[in-house]
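Reminder, nothing fancy here: chain letters follow the sequence lines and each chain counts from 1. Quick caveat, the model's predicted, so the values are computed rather than measured. Excluded from the calculations below are hydrogen atoms, water molecules and symmetry mates; all remaining heavy atoms, backbone and side chain alike, are included.
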Number of protein chains: 2
Amino acid sequence: MATIDDVARLAGVSTMTVSRVVNGSSAVSDKTRQKVLEATETLGYQPNLLARSLVTNQTHTIGVLLTHIENPLYSIFLSAIIQEAEKHGYDIIMSAATDLDSTLKSINTLYNKCVDGMIILSVEFRDSKDDNTTIFHTVEQMQAFDHEFEKIAAKQKPIPVITLGDHHMDYVSGLVNIDYRLGGQMAVEYLHTYNHEEIGYISHVVTDTGIWGERYQGFLDGMRACGKTVREEWIVKCVDTVEGGFHAMKEFIHSAGKLPSAISCANDMIAVGAINAAITEGLRVPEDISIIGHDGSYVGEITEPGLTTVSIRPYAVGRACFSVLHDCLTDTGTARKAVITPEVLKRGSVKAR
Amino acid sequence: MATIDDVARLAGVSTMTVSRVVNGSSAVSDKTRQKVLEATETLGYQPNLLARSLVTNQTHTIGVLLTHIENPLYSIFLSAIIQEAEKHGYDIIMSAATDLDSTLKSINTLYNKCVDGMIILSVEFRDSKDDNTTIFHTVEQMQAFDHEFEKIAAKQKPIPVITLGDHHMDYVSGLVNIDYRLGGQMAVEYLHTYNHEEIGYISHVVTDTGIWGERYQGFLDGMRACGKTVREEWIVKCVDTVEGGFHAMKEFIHSAGKLPSAISCANDMIAVGAINAAITEGLRVPEDISIIGHDGSYVGEITEPGLTTVSIRPYAVGRACFSVLHDCLTDTGTARKAVITPEVLKRGSVKAR
DNA sequence: ATGAAAGCGCTAACAC
DNA sequence: GTGTTAGCGCTTTCAT
């Protein structure tokens, strides 16, 4: 492992000159540059980035906090972030713990490793009293996390922190939000353009806040905007998994006196379960019933027919996360916030009435 | 940002003493330790890991090379590696480029950032002449990569490099392999125990080497071991995607004079497509035809019925990757190689004849 | 255009 | 048990 000193010695110049050549930072005569380049080549010199970072105070590494990489949506966020980061010469160091304590420890380590910035994608921990782990954290979990995060950040050199979704802490310098509510509305409006009058809704328990609440509000917005009647018996609750959607739909088919012509499902998992249930029960999708999902993960590509869904455009989300961070890092951009607008991804599960 | 000097000054001791307290490296009297701890606390001191690494020559960071995080199988490998790494105090820095050049650049950067070790999970690049990107690289791609990797590694401080699957380079210090061939055989044997005599096989083009070849050989092994006849017309080729499996199965149903009672599909995507096609064509799975897949990714959980499959046990694979690396790092273990044995994951797509 | 000196924040090695 | 010195490999600052 050759160091900069070795190169300097071989080239017969000072280390400073080598540094200048390597970094192209300031003018060096062609002749000396040549000598240095040769020495670099023969020694196979590679700069020690640790040493460089120690003095420049930049690591060109950013930390990404994520709790469930296996979640297809999240892996796409991550993928997009990595791709963008690479384009701009940044590497990603991951934190992906499953409980609060180790996550916090991990965050602290990232700080200690001097990451240039941080992206908080998801904060969601397995909770003893709730085994139906959803991909969205509870309000209490989030607050607890935010609070602990602040304590950690307070001890550290301030760096840009970007979050996906709102967090309540002073250390956030940028934000990416997904317009879930608009998405909820778009689903209804899309079905409306296909002449569906009777629309049902299957969702995880609706909380006031959070993604489930927003999408449901959007559903109501859409129904109102299109002049449709919301029928209580067509609002079904379930666990937010394929199985949950399957059971909910199955029971719905059996118990409902009359089925709506279309159903909006609060996420793709539920929607896929619903499609499976409909088919199992002898209904044809989309001929007998149309189904639309939310998210745009690729689980919707696996069913037959494919799931038409309101995509949150996960790549765009990931790109936005990095882009907002990059703005903070370079201070060139003014954008410290981005809102991702969903779009309908047409596959085969919706058909005109 | 307090440094070790600040703490030393406040505590009225030398930096060395602070270092000793922080690292617990050698004995310090209770009284001074107390003073140091207090100073650490009031200043909110956090060690700069860059500086530490520069002198200890250890970063407690390992590089993971991966080309398709979005692939559910790979994201599980990664997840398992991260979890194991965290347990042992290591962080993961990712390289996930999509073409050869940027991958190599990225690897070089990881070296320059002084990772303690590296895990090469997948090397597979989009190839202009082959749009049907499979998750497994071609022989040429692998050789080109291996060659270039060697050139990079030659210039760097030697560190343990672990690969998933065989690579041909001198710098590999550990290896994790998956027994695909055994898996191929297990599928047949599993179907055999369920009294299936007539077994078909759907696969991507079978090459001599690589995963497709191995699984096919395993299929033949199994058929031989169980005393069954391989019928050429029941060996179907297709693109290794859900769509590919769908089309292949559909055509197979239409063209085959007689269908086998069970089909082994070379991966889960194909198998899921096959299930979809069977159902679309009015066959019941598993009542009319049994289908078994390979891999054990969660796409098989999405269909109805769920896909019974020969799982490569992706978590075990990821854990093994880290574990072999960790052995190399600590030099305690002797295991420099691990072979993962697949296991049958029972869901609902296989039924006794 | 080039170099010398100093220092980033930490720990290893040796003193006492 | 504690402190001193030196140095990890690099860049910054200020000379020349």
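Contact annotation: S19(B) reaches the phosphate of dT11(C) (side-chain N/O to OP1 or OP2, under 4.0 Å). Phosphate proximity of dT2(D) to S14(B): absent, as no side-chain N or O sits under 4.0 Å from OP1 or OP2. Taking side-chain N and O atoms only, T3(A) has no distance below 4.0 Å to OP1 or OP2 of dG9(D). Under 4.0 angstrom from either OP1 or OP2 of dT11(D) there lies no side-chain N or O belonging to S25(A). Between T17(B) and dG1(D) there is no side-chain N or O to OP1 or OP2 distance below 4.0 Å.
Between L49(B) atom CG and dC10(C) atom C1' there is a gap of 10 Å when expressed in whole angstrom units. Separating the CG atom of L54(A) from the P atom of dG7(D) is a distance of 17 Å, rounded to the nearest angstrom. Following rounding to the nearest Å, Q58(A) (CD) and dC8(C) (P) show an atom-to-atom distance of 18 Å. Separating the CG atom of D30(B) from the C1' atom of dT2(D) is a distance of 15 Å, rounded to the nearest angstrom. Put simply, NZ on K113(A) is 23 Å from P on dC8(C), counting in whole angstrom units. Distance CG (L50(B)) to C1' (dG7(C)): 15 Å, rounded to an integer number of Å. Here dG7(D) presents its C1' atom at 16 Å from CD1 of I4(A), a figure rounded to the nearest Å. Straight-line distance from the CG atom of N23(B) to the C1' atom of dG1(D): 16 Å, rounded to whole Å.
In this structure, N57(A) reaches neither bases nor backbone, as no heavy-atom distance under 4.0 Å exists between it and the strands shown. Within the 4.0 angstrom heavy-atom criterion, only backbone atoms of the sugar-phosphate kind lie near T32(B); the bases stay farther away.
Salt-bridge formation is detected for the pair K113(B)/D91(A): a Lys NZ or Arg NE/NH1/NH2 atom is positioned less than 4.0 Å from an Asp or Glu carboxylate oxygen. Salt-bridge formation is not detected for the pair K35(B)/E38(B): no Lys NZ or Arg NE/NH1/NH2 atom is positioned less than 4.0 Å from an Asp or Glu carboxylate oxygen.
Between L175(A) and V324(A) there is no side-chain heavy-atom pair separated by less than 4.5 Å. Looking at heavy atoms from C-beta onward, F322(A) lies in side-chain contact with H88(A) at the 4.5 angstrom threshold. Taking 4.5 Å as the limit, every side-chain heavy atom of F149(B) sits out of range of all side-chain heavy atoms of H167(B).
Remark on DNA chain C: of its neighbouring residues M16(B) and T15(A), the 5'-side contact belongs to T15(A), judged by nearest-heavy-atom nucleotide. Mapping Q46(B) and R20(B) onto DNA chain C by nearest heavy atom places Q46(B) closer to the 5' end of the strand.
The side chain of T56(A) sits closest to dT12(D) out of dC10(D), dT11(C), dT12(D). Set against dT11(D), dG1(D), dC10(C), the side chain of V55(A) has dT11(D) as its closest nucleotide.
On a pure distance criterion of 3.5 Å, no polar donor-acceptor pair joins the side chain of R33(B) and the base of dG1(D).
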